[in-house]
S.K.: 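Attaching a single structure in C-alpha cells format; questions to follow.
Numbers for residues simply follow the sequence, beginning at 1.
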Amino acid sequence: MQDRQAIEFSDRNGLPLGTLLSRNQEHTAVVPLNEISPHFKNAIIAAEDRGFYQHGALDAKAIARAILQAIQAKRIVSGASTITMQLARMLDPVPRTLLGKIKEIWLSWRLTAGMSKDEILSAYLNRLPMGGNIYGVEAAARVYFGIPGSDLNLAQASLLAALPNDPSNLNPYHNLSGLKRRQTYVLDRMVKDKYISRTQADRALSEKITIQLRKQGILAAPHFLFWVANQLDNGNLKVTHSGNLRTTIDRPLQQFVEAQVQEVIRTLAPNNVHHAAALVIDNRTGEVLAYVGSPNYFNETQIGRNDGVQALRQPGSTLKPFLYELALEKRIIRPNTILADVPTRYAIPGAKIYSPQDYSETFQGPVRVRIALANSLNIPAVRVLEKVGVATFLERLHQLGFTNLNHSPEYYGLGLTLGSGEVSLWELARAYLTMARQGDAIPLVSILGNLTAQPSSVQGKEGKREGLGVKSEWTLITNMLSDAHARAKAFGVESVLALPFPAAVKTGTSSNFRDTWTVGFTTDYTVATWVGNFDGDRMDKVSGVMGAAPLWNRIILHLHEREEPVAFPAPKGLVQKPICALSGLRPTAACPSVVQEYFYPEDISDYESHPDTFYQMGSRDGKSSEYRLNLPAEYNEWLAMQTQPNLAPSQMKILSPRNGDFFLIYPDRSNVRQRLQFKLANGSSQPVEWWLNGEKVATQSSNTLFWQLQPGNWTLEIRSKEMSDRVNFQVELAESKSMRRGFSVASPSR
C-alpha cells in the first residue's frame with residue numbers, strides 16, 4: 001500500500017464513497033507513463049523543455065540563450081532548466097546558489113546515466129507541483145476535473161500544463177484568469193512545435209472548463225476516508241491488494257447522519273454551538289456504519305477538517321456506567337444498595353477541598369443505585385469510586401480500550417468518573433459496544449474483504465478482549481440505563497431519551513458546558529454522538545440531553561424505522577424482589593413507596609431477614625400512621641437543608657454544627673455579633689435541653705438556638721427524655737491560627 005497513493009473507496013454495498021489522493025497530507029497519485037494523456041505529455045514538454053528527447057541532462061543551446069538574454073537585459077529573462085534538472089531539484093531540493101546549482105547538475109547527469117527518457121518523464125509528471133498540496137498530473141486531473149489523467153482532453157491538458165510554472169499564484173481556485181493566460185502560452189508553444197494546429201489551439205482555448213469543487217471527488221464520509229487512509233499510510237492497516245477498498249460504511253445511512261448533524265447544529269447555533277460528530281456501530285460485527293467528524297469537512301472557516309470522532313474531549317458522566325458495573329462485579333455495591341446523595345467534601349493534598357456537585361446543584365438524599373446512575377448523580381458516583389479505587393477503575397477503562405487515559409490515577413483523582421480525563425468518541429462507542437454485547441469486547445471494523453490483519457489502532461492496543469467483566473452485571477447496567485422511569489427525576493419520562501422500543505442510553509456534559517455527549521444502544525446498533533465547539537468555547541447552557549441527545553434520538557429512530565429491536569435480556573441469575581424505594585430493604589407497612597429491584601441469589605436470605613428500618617410508624621400530635629425517616633449521621637447536613645425533615649418519633653439529630661467543624665472569630669468585627677446557629681431535626685414534639693460543655697444553656701421546643709461565638713473546644717449536646725445527640729466543634733480567633741480547609745464563619749442574625 002505504501003507504493004500506491006491513490007485510494008478508491010466504496011461503501012459496504014459497492015457504492016462509491018470517493019477517491020483519496022492522500023499520503024502524508026499530500027494529494028498524490030502515481031501512475032505509469034502510458035496512463036497519462038498524450039495531450040498532457042506534449043503540452044508539458046512544449047512548455048517546459050521542447051528538446052527533452054534530443055538533449056542530455058543539460059540543454060546547451062538553452063543555457064547559451066539564457067546567458068545572452070540576461071546580459072542584454074541585465075536581468076534573468078528565461079531559464080535553462082531541463083525536465084531532468086527540474087526532477088533533480090524535486091528529488092533533492094538545494095539552495096539557489098552556485099554550489100546548489102552544481103549539485104543539481106551533478107544529480108541530473110546521474111539520472112540521465114541511470115534512467116531512460118521515458119522513466120525520467122514519468123517520474124517528473126508524477127511529482128509536478130500542481131497547486132496547494134497536490135502533486136502529479138493524475139492527482140490534479142482527479143482533484144480539478146474528477147477524471148483520471150488518461151482522459152484529459154487538449155483543453156484540460158494544456159490548462160494543467162500551465163500550472164507547474166507558478167503553482168501557488170496560478171491555483172485555479174484563486175486565479176483561473178491568470179492560469180488561462182498561461183494556458184495561451186502553452187498552446188502557442190504546442191502549435192510552434194507542431195503538436196497541434198492553430199485551429200485546435202483556438203478551439204481548446206475557447207472551450208469552457210469547469211473546475212470541480214474542493215470535495216476532490218468525495219461523495220460521503222470524508223473524515224472516515226482520511227482516517228482510514230492515515231491507518232494505511234502508517235502501516236496500521238494492511239490490505240492484500242490495491243484498487244477499490246470496500247469499507248463498512250453504509251452510504252445512505254452515512255448521508256442521513258451527515259444531514260442530521262448539520263440540521264442539529266443549525267438548530268443549536270443560537271446557543272453558540274457549531275460542531276458535532278456521530279458514530280454508528282453494528283453490534284453484531286463491530287462494523288462502522290456511519291462516521292461523521294464535523295458538520296462539513298470542506299468548510300475551512302468552521303475548521304471542518306477537525307475530526308470530532310477521534311478528537312480528545314472530557315467525557316462528562318459517560319464513564320459512570322463502567323464504574324457501577326465494576327463496583328457491582330466486585331460486590332462493593334448491590335443492585336439494592338442505597339447511596340447517599342448529600343453534601344460531600346474530600347481533602348485533596350495541595351489543592352482546594354473537592355466538593356462534587358450535580359448539574360441541578362441539589363441533593364437527593366438516599367437514592368438507589370439505579371436512580372443514581374439513571375439520573376447521572378455525581379456525588380454517589382464519586383462515593384462509589386472512592387470505594388472501588390481510582391487505580392482499579394482506570395485499569396478497567398484501559399481494558400475497555402480507553403488508551404488515551406494514559407496518566408496516573410493521582411492525576412485524574414476522584415473526578416475520573418465525572419470526566420476529568422480526555423477520551424474520544426471512537427473510544428466511547430467501542431466501550432458501549434462492549435456493554436451492548438454483555439461484556440464481549442470486539443474491535444471496531446472499518447474495511448471489508450481484502451484485509452491481511454485488523455490494525456491495532458483500529459481495534460485498540462490490546463486487540464480482541466473476550467469476556468470482559470461479568471455478563472449479568474453488564475445486563476443489569478443495561479437494564480438500568482434503559483429504565484425511563486428511573487431517570488424521570490432528571491430527564492422526565494417523555495424526553496428525547498425515551499424511545500418507542502428498548503434502548504439503553506447515557507448522557508454526559510463536561511465542565512462549563514464545553515462538551516455534550518449521548519451514547520446508547522439497542523440490541524442491534526450502538527450510536528455515539530458529541531456536540532460542542534472544536535475551539536473549546538463554552539455553549540450557552542446546553543447539556544447532554546439538549547445538545548447531543550436530539551442527534552442521537554434522530555439517528556437511532558432512523559435505524560429502526562422499519563423494524564423495532566428485540567428487548568434486552570433480563571439479568572441472568574438475578575432475582576427480582578419488591579423493596580422499599582428509599583431503604584433498599586424488604587418493605588413493611590410503613591414504607592410509602594415500593595418498587596421492584598434485582599438481587600443476587602446470595603443476598604436473598606439477608607433480604608428476607610432484614611425488613612425496612614428506614615421508616616417507622618408512629619404518631620405525633622394525635623395523628624397516627626405518620627412515616628418518619630430514620631437516617632444515619634452522614635445525612636445530617638442534607639437533612640438540615642430540608643424544610644421539614646421527617647424523622648422517626650424516637651429520633652433526634654444535631655444538624656448544625658457538624659461534628660468536627662472549625663470556626664473563626666474575627667477581632668476586627670467586634671461591632672458585629674458573631675453568632676453560631678445550633679439546629680436540630682426532632683422527630684418528637686417534646687422540649688429539648690441544650691447542653692454546652694456539660695452546662696445546660698437552654699430548654700425549649702424550638703429546633704433552633706443562636707449562641708455567641710467564644711474561643712475553645714466545645715461539645716454540644718441535646719437531650720429529650722431518652723433521646724440525645726452530641727457533636728464536637730472548635731472556635732478560635734482568626735489571628736491565632738491560619739485559616740484551615742473546611743472552615744465556616746457564623747453569620748450575624750437578622
Side-chain angles (χ1 to χ4, degrees), residues 223-224 227-228 230-231 234 236-237 248 276-283 286-294 306-323 325-326 393-407 409 411-412 415-437 439-446 454-465 468-469 474 477 481 504-510 514-521 525-532 534 544 548 552:
H223 293 91
F224 173 79
W227 179 79
V228 172
N230 187 57
Q231 303 304 309
N234 292 336
N236 295 326
L237 185 65
T248 57
L279 198 62
V280 180
I281 310 296
D282 185 320
N283 290 349
E287 293 170 0
V288 179
L289 303 179
Y291 181 124
V292 179
S294 77
N306 280 19
D307 188 348
V309 172
Q310 302 297 336
L312 298 180
R313 316 285 295 198
Q314 289 192 338
S317 298
T318 54
L319 300 183
K320 286 177 183 173
F322 308 110
L323 171 66
E325 187 281 330
L326 184 59
F393 182 43
L394 186 59
E395 181 183 2
R396 170 52 57 89
L397 292 176
H398 290 161
Q399 292 170 347
L400 285 162
F402 290 99
T403 57
N404 288 297
L405 293 174
N406 49 21
H407 292 287
Y411 175 88
Y412 299 112
L416 180 59
T417 189
L418 307 184
S420 62
E422 289 187 331
V423 306
S424 68
L425 193 67
W426 179 272
E427 291 173 322
L428 271 175
R430 181 173 53 197
Y432 274 79
L433 173 65
T434 298
M435 189 190 307
R437 294 175 58 87
D440 179 23
I442 61 172
L444 300 189
V445 180
S446 56
Q454 193 68 5
S456 60
S457 63
V458 174
Q459 67 176 6
K461 186 178 293 185
E462 65 286 339
K464 193 175 189 297
R465 305 170 301 279
L468 185 62
W474 289 115
I477 293 296
L481 293 179
V505 59
K506 184 73 186 71
T507 64
T509 305
S510 67
R514 287 189 170 88
D515 307 277
T516 66
W517 312 76
T518 300
V519 192
F521 54 87
Y525 303 103
T526 295
V527 177
T529 57
W530 167 84
V531 168
F534 285 143
W552 177 86

S.K.: Could you go through Arg313 and Val423, starting from their C-alpha distance and side-chain angles, then the distance that decides it, and tell me whether this counts as side-chain contact (heavy atoms from CB on, under 4.5 Å)?
M.R.: CA-CA 6 Å; Arg313 316 285 295 198; Val423 306; over 6 Å; no
S.K.: Please enumerate all residues that pass side chain to side chain donor-acceptor pair (under 3.5 Å) together with Thr318, with sequence neighbours excluded.
M.R.: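 Testing Thr318 for side chain to side chain donor-acceptor pair (under 3.5 Å), a comparison that skips the adjacent residues, returns none.
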S.K.: Check whether any side-chain heavy atom of Trp426 sits under 4.5 Å from a side-chain heavy atom of Val288, and report yes or no.
M.R.: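 Trp426 reaches Val288 side chain to side chain.
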S.K.: Mind checking whether Asn306 and Ser294 have side chains closer than 4.5 Å, heavy atoms only?
M.R.: no
S.K.: Which pair of heavy atoms, one from Ala277 and one from Gly293, lies closest together, and at what distance?
M.R.: CB-O, 3.9 Å
S.K.: Below 4.5 Å, heavy atoms only, C-beta onward: do Leu400 and Phe322 meet side chain to side chain?
M.R.: yes
S.K.: Do any pairs count as a salt bridge (charged side-chain N to carboxylate O under 4.0 Å, His left out) and have a residue in residues 394-407, sequence neighbours left out, and if so which ones?
M.R.: Glu325-Arg396, Glu329-Arg396
S.K.: Quick check for you: to the nearest 0.5 Å, what is the distance between Leu394 atom CG and Asn406 atom CG?
M.R.: 9.5 Å
S.K.: Is any side-chain heavy atom of Arg437 closer than 4.5 Å to one of Trp474?
M.R.: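 Of all side-chain heavy-atom pairs linking Arg437 with Trp474, none is under 4.5 Å.
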S.K.: In the structure I gave you, are the side-chain heavy atoms of Val505 and Val519 within less than 4.5 Å of one another anywhere?
M.R.: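 SC-SC contact between Val505 and Val519 ruled out.
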S.K.: Are Asn404 and Glu422 close enough that a side-chain donor and a side-chain acceptor fall under 3.5 Å?
M.R.: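 Asn404 vs Glu422: no donor-acceptor pair found between side chains.
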S.K.: Carefully, step by step, assess Tyr412 and Phe393 under the rule side-chain contact (heavy atoms from CB on, under 4.5 Å).
M.R.: CA-CA 11 Å; Tyr412 299 112; Phe393 182 43; over 6 Å; no
S.K.: Pick from Asn283, Asp282, Thr434: which one makes a side chain to side chain donor-acceptor pair (under 3.5 Å) with Thr526?
M.R.: Asn283
S.K.: CG/Asp440 to CE/Met435 distance, rounded to the nearest 0.5 angstrom?
M.R.: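 Reported value, rounded in 0.5 Å steps: 14.0 Å.
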S.K.: Would you say Ser424's side chain and Gln310's backbone share a donor-acceptor pair under 3.5 angstrom?
M.R.: no
S.K.: Would you say the rings of Trp517 and Trp552 are close, in the sense that their centroids are separated by under 6.0 Å?
M.R.: no
S.K.: Any side-chain heavy atom of Ser317 sitting closer than 4.5 Å to one from Thr509?
M.R.: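 No. Closest side-chain heavy atoms not under 4.5 Å.
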S.K.: Among Ile281, Leu289, Leu433, whose side chain to side chain contact (heavy atoms under 4.5 Å, CB included) with Tyr525 holds?
M.R.: Leu289
S.K.: Is a side-chain donor-acceptor pair under 3.5 Å present for Thr403 with Glu427?
M.R.: yes
S.K.: Is His398 reaching over with its side chain to a backbone N or O of Leu405, donor-acceptor style, under 3.5 angstrom?
M.R.: yes
S.K.: Could you measure the distance from the CG atom of Leu397 to the CG atom of Leu416? Nearest 0.5 Å is fine.
M.R.: 5.5 Å
S.K.: The test is side-chain contact (heavy atoms from CB on, under 4.5 Å); show your working for Ser446 and Val228 and say whether it passes.
M.R.: CA-CA 8 Å; Ser446 56; Val228 172; 4.2 Å; yes
S.K.: At what distance, to the nearest 0.5 angstrom, does OG1 of Thr248 lie from CG of Leu444?
M.R.: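 Spacing of OG1 (Thr248) from CG (Leu444) equals 9.0 Å.
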S.K.: For the atom pair CG (Leu425) and OG1 (Thr529), what is the distance rounded to the nearest 0.5 Å?
M.R.: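 Atom-to-atom, Leu425:CG and Thr529:OG1 are 7.0 Å apart.
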S.K.: Decide side-chain contact (heavy atoms from CB on, under 4.5 Å) for Lys320 and Leu418; before the verdict, give the C-alpha distance in whole Å, the side-chain angles of both, and the deciding distance to 0.1 Å.
M.R.: CA-CA 7 Å; Lys320 286 177 183 173; Leu418 307 184; 3.6 Å; yes
S.K.: Kindly write out the residues that satisfy side chain to side chain donor-acceptor pair (under 3.5 Å) with Trp530, not counting sequence neighbours, or none if the list is empty.
M.R.: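 Result, side chain to side chain donor-acceptor pair (under 3.5 Å) vs Trp530: Asp515.
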S.K.: Measuring from Arg430:CZ to Phe402:CZ, what's the distance to the nearest 0.5 Å?
M.R.: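 So the CZ of Arg430 and the CZ of Phe402 are separated by 8.0 Å.
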